[in-house]
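First the structure, in the form of structure tokens, and then the observations on it.
Residue numbering restarts at 1 for every chain, and letters A, B, ... go by the order of the sequence lines.
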Amino acid sequence: VIVAKTDQLASRVPDAQGRTGPILIVEDEIDLRNTYERVLRRLNFDVIAVEQATEGLRIAESRPIRLVITDLKLPDMDGIALVRALHACADPPPIIVASGLDSGATRRAALEAGAIAYLTKPFSVATLTAKVQQILSEGP
Amino acid sequence: VVSRDSPWAPAVTDSRQVFPSLLTAGRQQRRLALVAVLFSAAIFLAAVPFAKILLPQVWAFIPVYASVLVVNDLITAVLLLGQFSFLRSASLLILAMGYLFTALVTISHGLTFPGLFRPSGLLGAGPQSTAWLYMFWHAGFPLFVIAYAALNRDRRVSRRIIPAAVATVVALVSGFTLVATAGQALLPAIMEGNHYAPAMSTVVSATWLLSLLAFVTLWRRRPYTVLDLWLMVVMSSWVLDIALSAVFNAGRFDLGFYAGRIYGLSAASFVLTVLLVENGKLYARLVETIERTRRSSLEHEAQQQRRVTAIVDNSDDAIIGKDLDGIITSWNPAAIRMFGYRPDEAIGRNITLIVPPARVAEEEAVLRRLRHGEHIDHFETVRRTKDGRFIDVVLTITPLRDANGNVFGASKIARDITERKQTQEALRLSEATALAFIASAAEGILIIDEGGRIVIANGQIEKMFGYSHNELVGRPMEVLLPERLRERHVSHRAGYAAEPHVRPMGRGLDLAGRRRDGTEFPVEISLSYVRTSHGVRVMAFVTDISERLVRERNVRRSDKLALLGTLAAGIAHELNNPLGIIKGRIELILLEAEEDTLPPAVREDLGVIHHHVERVIRLVHGLLSYARPSDGERRPTDLNKVVNDTLLLAQKQLTKDGVRVTTSLEPLLPLIVGEPNALEQVLLNLVKNAQQAIGGDGEIRIATRNAAKPGWVELVVADTGPGIPAEHQSRIFDPYFTTKATGTGLGLSIISRIVDEHGGTIELHSSLGEGAEFVLGFPCSPSGAP
């Protein structure tokens, strides 16, 4: 069993930190974006998936977001800058960076900018599921 | 005036002019002689008509006349002998003997003259004796003159025959006297009392003809010397004498008799006068010559003195005279310039004036050697000037000797060679410096002569090729080349020698050197040349480029790798998304298959595909790590911080896996120059490796410390795993070598590359069952402290 089918983590149910709203995915590679989306929807989360950073940032600023999963290489904006911008929001959501870059420096940069976790692409569905559930189930 | 040339060819060319009488007669002489002949001819013509007039019998006339003749002729004979003994001409000896003959015959004639000493004469003379002696006398002399004139003037005889000649003449005269006295009966009677007998005319004619013949013989002998000329005058007088006193007169004591005798007297005087005048001239000339010689030798001496003075005064060398006690006696201008003392300050002082005190003993030795008459040549020493400077001089000291050969002093020539010595010293120094530079140069330096022989090989060459200096110098430089290149090199070298040029170090020439042990190594050569008095010298700078070639190869390889790495990283990175998508979708299918049943074969296929996607992902990941280009610049880096940052990322996972991590960090560790990211990757790889080796519970020990090697620090990662078998230890750093089922074999090779890039070292200490310890050494940053 890779991921338990859980209805209690529905998008309307607040998580351990009392957050509500959809999970925001920022990824320019459409098939990957869809993969993330399918995995998360299987977990009964609402998902908003966008291609561009600016779009993602606009959404995050306009409504509550439970969690953000973002790539670092984006067509319109540097991923670290996006992380920093998201983190600067009032009541910032937790941010998972999913990147192909695998260097300590990038990882540190992302964590310093405000990311809570760093996943090196490619990662398994189980890893993503476990990481999301871990973040959302942990209290503040 | 006497002309300069002479028919006489004397033994000595210079003696040609010794006797003016033997020079060819000049016009004036000939005229004088002619006047004499004409004058006596005139007197003769005047006297002939009165020849038979009887005059008083003056008996005293006979001895006086005879005495004068004897003395005249003897003196003439002696003077002629004097000439003969100088010139050794046979004709002169004959003539001298002729005069001796007349002198001696005159004596006999005088002694036998009847009525002079006794009524019938002395020596047992008869009435005919005196007349016959007169005939012998007047016939004999012309014969001598004929012999004189007929003989070659150049015919020479020894002086030693003079006594024999004189004895012969004495014997001849004695013989004639004997015949005329004791043997007068055998001769025809030519006198009757004081008058001529009839036979007289025949006898006297014959005698007279002989005189004439002598005259003719002389006449025909050209050119005439002064002596010849006056002999002709003499013979002409004799012809007149005989004619008057024996032909045209009637007997004794008539006018012809007296006049003839006077002719005879004057004839005897001519040659004597010539010879006496000549003697006077000779004396005058002798005095003149002596005076001239004396004057010219004085002048020569003065000139010599002036020349010496000029040389001494103008010499650049100091020339100093001194006596045997060392007292200065002369001081030339160069000595003033060289030593600074004026002549009045130096002359009379001891030579030690210019000798440095430390060298006084040397001067004493010089004086000692001088007293023994030794010449001292080229003696290098030091002298002191008036202002106290020391100058290098070279001395030449010559003893001076008086007329008796005793040494009385010395002339000392001093040349200032201070400048020369300084130049020499400077030259020697600069030469030594140049040689020292060559000897100690970091490059190998060879100097080769035109024949390719090694003249100089410096220490670096010796070290490079493994020969000692003595093994190289003088040998052909080809010993330093591989055998296969030697022959070709000789012709290359000849080509270079014909047209030397400077050739800088350059690529594109694969040159090889050969060590003494036969091994070869790559070299680079630059050439330059110098033309010296010994011919062209070629200097070669030789560099062993083995290390550089290796370095260049490495650089080329790592350049290629870096390029490849960039390419691979790009590709690998691009692969991440597709791989993620494939992997994700397979996992999703498999997840959803739990709900919608999938045929087992499809599930199995998907499992296989997933497995191999995982494999590709690991490979791509490894490739990315290995080929990741440097992303940061080098900077002073603290290894302790690298350890802490790495553990910050890894410790949680390690602890979860049951691995205990202990650190022991040197607090005052010097910084190294490095790239923190790359070093973190190194440490992370080592830690992961250790964790995998431990495979469960265990301990990883991380330490930093100062290395035993000064200026180096070490990073140690040790584990409590099973250790690495010895056969693997040499290969674990090779790319793609792995012992793990899922390993890429790149981890340790990445570590090795990064450590290499930092100029560091890796040591592995491990044996089975003992765990493994990696010790990484890094050079400290030049800036030093942390």
Side-chain angles (χ1 to χ4, degrees), chain A residues 1-6 25 27-44 49 51 69 71-75 79 96-112 115-132 134, chain B residues 569-595 610-611 613-632 641-642 644-650 652 675-685:
Chain A
V1 177
I2 300 172
V3 177
K5 190 175 175 185
T6 47
I25 297 168
E27 167 63 62
D28 58 333
E29 173 83 50
I30 181 161
D31 287 335
L32 203 55
R33 200 163 63 229
N34 290 342
T35 307
Y36 293 164
E37 193 176 341
R38 274 178 64 184
V39 170
L40 294 172
R41 284 195 191 284
R42 272 178 51 80
L43 299 174
N44 286 328
E51 186 187 351
I69 299 172
D71 192 6
L72 284 183
K73 260 172 68 182
L74 294 164
I96 297 174
V97 171
S99 169
L101 299 173
D102 179 27
S103 78
T106 315
R107 182 186 294 258
R108 252 195 315 277
L111 297 179
E112 278 165 13
I116 195 160
Y118 190 99
L119 294 178
T120 306
K121 287 181 188 171
F123 43 82
S124 68
V125 171
T127 305
L128 179 62
T129 308
K131 193 53 94 184
V132 170
Q134 182 204 339
Chain B
I571 292 168
H573 202 73
E574 287 306 310
L575 284 174
N576 275 336
N577 279 353
L579 286 170
I581 293 162
I582 295 167
K583 179 178 154 86
R585 289 304 165 93
I586 291 170
E587 286 171 0
L588 274 174
I589 293 170
L590 288 171
L591 278 174
E592 284 160 6
E594 287 173 10
E595 295 137 33
H610 188 261
H611 173 75
V613 167
E614 288 283 312
R615 215 174 125 193
V616 173
I617 288 170
R618 277 201 306 279
L619 272 173
V620 167
H621 184 74
L623 201 61
L624 266 176
S625 302
Y626 184 75
R628 186 175 54 190
S630 304
D631 59 354
K641 185 169 186 297
V642 169
N644 288 331
D645 285 353
T646 308
L647 289 180
L648 203 66
L649 294 173
K652 207 194 252 176
E675 200 182 315
N677 285 341
L679 292 169
E680 278 170 30
Q681 196 186 355
V682 166
L683 185 57
L684 196 64
N685 265 320

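Only the backbone of F123(A) comes within less than 4.5 Å of a heavy atom of chain B; no side-chain atom from C-beta onward does. Looking at L128(A), there are no atoms closer than 4.5 Å to chain B (heavy atoms on both sides), in backbone or side chain.
For E680(B) and R108(A), the salt-bridge test passes: some basic side-chain N is under 4.0 Å from an acidic carboxylate O.
Residues satisfying the salt bridge (Lys or Arg N to Asp or Glu O under 4.0 Å) criterion with R41(A), sequence neighbours excluded, are E37(A). Annotation: side-chain contact (heavy atoms from CB on, under 4.5 Å) contacts of D28(A) (sequence neighbours excluded): E51(A), D71(A), P75(A).
Interface summary for chain A: among R585(B), H610(B), H573(B), the most heavy-atom pairs under 4.5 angstrom belong to R585(B). Across S124(A), G100(A), A98(A), the residue that shares the most heavy-atom pairs under 4.5 angstrom with chain B is S124(A).
Atom CG of L74(A) is separated from atom CG of L72(A) by 7.5 Å, given to the nearest 0.5 angstrom.
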